[in-house]
Colleague: 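After the structure tokens below, expect a handful of questions from me.
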Amino acid sequence: MPSIPESEWTVMEVLWDTSPQTASEVAKTLNQSKGWAENTVRTLLTRLVEKGVLEIVEKAGSPRLFAPAVKREALVKAESETFLERIFQGAAKPLLVHFASNARLTPDEVRELKSLLDQSIEKNKP
């Protein structure tokens, strides 16, 4: 799974939200939210197609339509693994310690995280 920069991630978010869309439709959305020009968006769409995370949906007689070729969850997983490896040398414990020490978590969020950690322990038991 290729790593994508923030600008390309922004384009993907638009298409995960609603797809397929034409380049003009994506550009209109991003012009309103980011002030990006249509040529900028077209360049990003081309890069994403070349990376294989976007596909062109062919419909006869209509402009090219773009749709995600990968699910958001797959890219999130890949980006998370890259981040974990790059920043914490692949070790989850320092990441979790850093997160728990620096995040402002509600009691409900703490309970949910504890539950997820308990599930992880159960899943990894021999």
Colleague: Each residue besides Leu95 in its hydrophobic cluster should be listed here, by chain and number; the cluster joins Ile, Leu, Val, Met, Phe, Trp and Tyr at side-chain heavy-atom distances under 4.5 Å.
Modeller: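 Taking Ile, Leu, Val, Met, Phe, Trp and Tyr as members, Leu95 shares its hydrophobic cluster with Phe83, Leu84, Ile87, Phe88.
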Colleague: Answer yes when Lys77 and Glu73 have at least one side-chain N-carboxylate O distance shorter than 4.0 Å, and no when they do not.
Modeller: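 Judged by the 4.0 Å cut-off on N to carboxylate O distance, Lys77 and Glu73 do not form a salt bridge.
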Colleague: Side chains of Gln21 and Leu15, heavy atoms from C-beta outward: is any pair under 4.5 Å?
Modeller: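 Yes, at least one pair of side-chain atoms sits under 4.5 Å.
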Colleague: Counting only heavy atoms not in Glu112, do more than 12 fall under 6.0 Å of its CD?
Modeller: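 Open.
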Colleague: Would you compute the distance between atom NZ of Lys123 and atom CD1 of Ile121 and round it to the nearest 0.5 angstrom?
Modeller: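 Reported value, rounded in 0.5 Å steps: 12.5 Å.
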Colleague: To the nearest 0.5 Å, tell me how far Glu8 CD sits from Leu45 CG.
Modeller: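 Atom-to-atom, Glu8:CD and Leu45:CG are 9.5 Å apart.
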Colleague: Mind running side chain to side chain contact (heavy atoms under 4.5 Å, CB included) on Arg111 and Lys114 for me, showing each step along the way?
Modeller: CA-CA 5 Å; Arg111 278 191 289 280; Lys114 284 181 180 179; 5.7 Å; no
Colleague: Heavy atoms only: give me the nearest Pro5-Lys51 pair and the separation to one decimal.
Modeller: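 Looks like CD-NZ, 3.7 Å.
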Colleague: What's the spacing between Leu113 CG and Leu96 CG if we round to 0.5 Å?
Modeller: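 Interatomic distance, Leu113 CG to Leu96 CG, rounded to 0.5 Å: 8.5 Å.
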Colleague: At what distance, to the nearest 0.5 angstrom, does CD of Gln32 lie from CG of Leu30?
Modeller: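 So the gap between those two atoms works out to 9.5 Å.
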Colleague: Just wondering, do Val53 and Trp9 contact through their side chains at under 4.5 Å, heavy atoms?
Modeller: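 No, too far: nothing below the 4.5 Å cut-off.
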Colleague: Could you tell me whether a side-chain N or O of Ser120 sits under 3.5 Å from a main-chain N or O of Leu116, the two making a donor and an acceptor?
Modeller: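 Checked: no pair found.
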Colleague: Let me confirm one number: the NZ-OG1 distance from Lys34 to Thr10, rounded to the nearest 0.5 Å.
Modeller: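 Separation between the atoms: 5.0 Å.
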Colleague: For Arg72, what residues pass the side chain to side chain donor-acceptor pair (under 3.5 Å) criterion, not counting sequence neighbours?
Modeller: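 Counting only residues at least two positions away or on another chain, Arg72 forms a side chain to side chain donor-acceptor pair (under 3.5 Å) with Glu13.
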Colleague: Please report the shortest heavy-atom distance between Gly52 and Val70, naming the atom on each side.
Modeller: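 Taking Gly52 first and Val70 second, the nearest heavy atoms are O-CG1, 4.4 Å.
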Colleague: What are the two closest non-hydrogen atoms of Asn102 and His98, and how far apart are they?
Modeller: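 For Asn102 versus His98, the nearest heavy atoms are ND2-O, 2.8 Å.
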Colleague: Please check if Val110 and Leu117 belong to a single hydrophobic cluster, counting links between Ile, Leu, Val, Met, Phe, Trp and Tyr side chain heavy atoms closer than 4.5 Å.
Modeller: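 In one cluster with Val110: Leu117, no.
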Colleague: Which heavy atom in Met12 sits nearest to a heavy atom in Pro68, and how many Å separate them?
Modeller: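 Nearest heavy atoms, Met12 then Pro68: CE-CB, 4.1 Å.
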Colleague: Looking at every non-hydrogen atom in both residues, tell me the closest pair between Phe66 and Ser19 and how far apart they are.
Modeller: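 Closest pair (atom of Phe66, atom of Ser19, distance): O-CB, 4.0 Å.
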Colleague: Does the pair Glu25/Lys28 count as a salt bridge with the N-to-O cut at 4.0 Å?
Modeller: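 Result for this pair is no, no salt bridge flagged.
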Colleague: Between Val14, Thr18, Leu44, which is the residue that forms a side chain to side chain contact (heavy atoms under 4.5 Å, CB included) with Val26?
Modeller: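 The option that passes is Val14.
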Colleague: Checking Trp36 now: which residues fulfil ring-ring contact (aromatic ring centres under 6.0 Å, His included) with it, not counting sequence neighbours?
Modeller: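 None.
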Colleague: Indicate the atoms forming the closest heavy-atom contact of Glu38 with Ser24, along with that distance.
Modeller: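 Looking at all heavy atoms of both residues, the closest pair is OE2-OG, 3.0 Å.
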Colleague: Got Ser115 and Gln119 here, is their nearest side-chain heavy-atom distance under 4.5 Å?
Modeller: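 Yes, close enough: below the 4.5 Å cut-off.
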Colleague: Measuring from atom CD1 of Ile56 to atom OG1 of Thr46, what distance do you get when rounded to the nearest 0.5 angstrom?
Modeller: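 If we round to the nearest 0.5 Å, Ile56:CD1 and Thr46:OG1 are 7.5 Å apart.
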Colleague: Examine distances only and state if a side-chain atom of Thr43 and a backbone atom of Asn39 form a donor-acceptor pair shorter than 3.5 Å.
Modeller: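 A pair under 3.5 Å: yes.
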Colleague: For side chain to side chain contact (heavy atoms under 4.5 Å, CB included), just list the numbers for Leu54 and Arg47, CA-CA rounded to whole Å, side-chain angles, deciding distance to a tenth of an Å, and then say yes or no.
Modeller: CA-CA 9 Å; Leu54 271 187; Arg47 288 181 189 163; over 6 Å; no
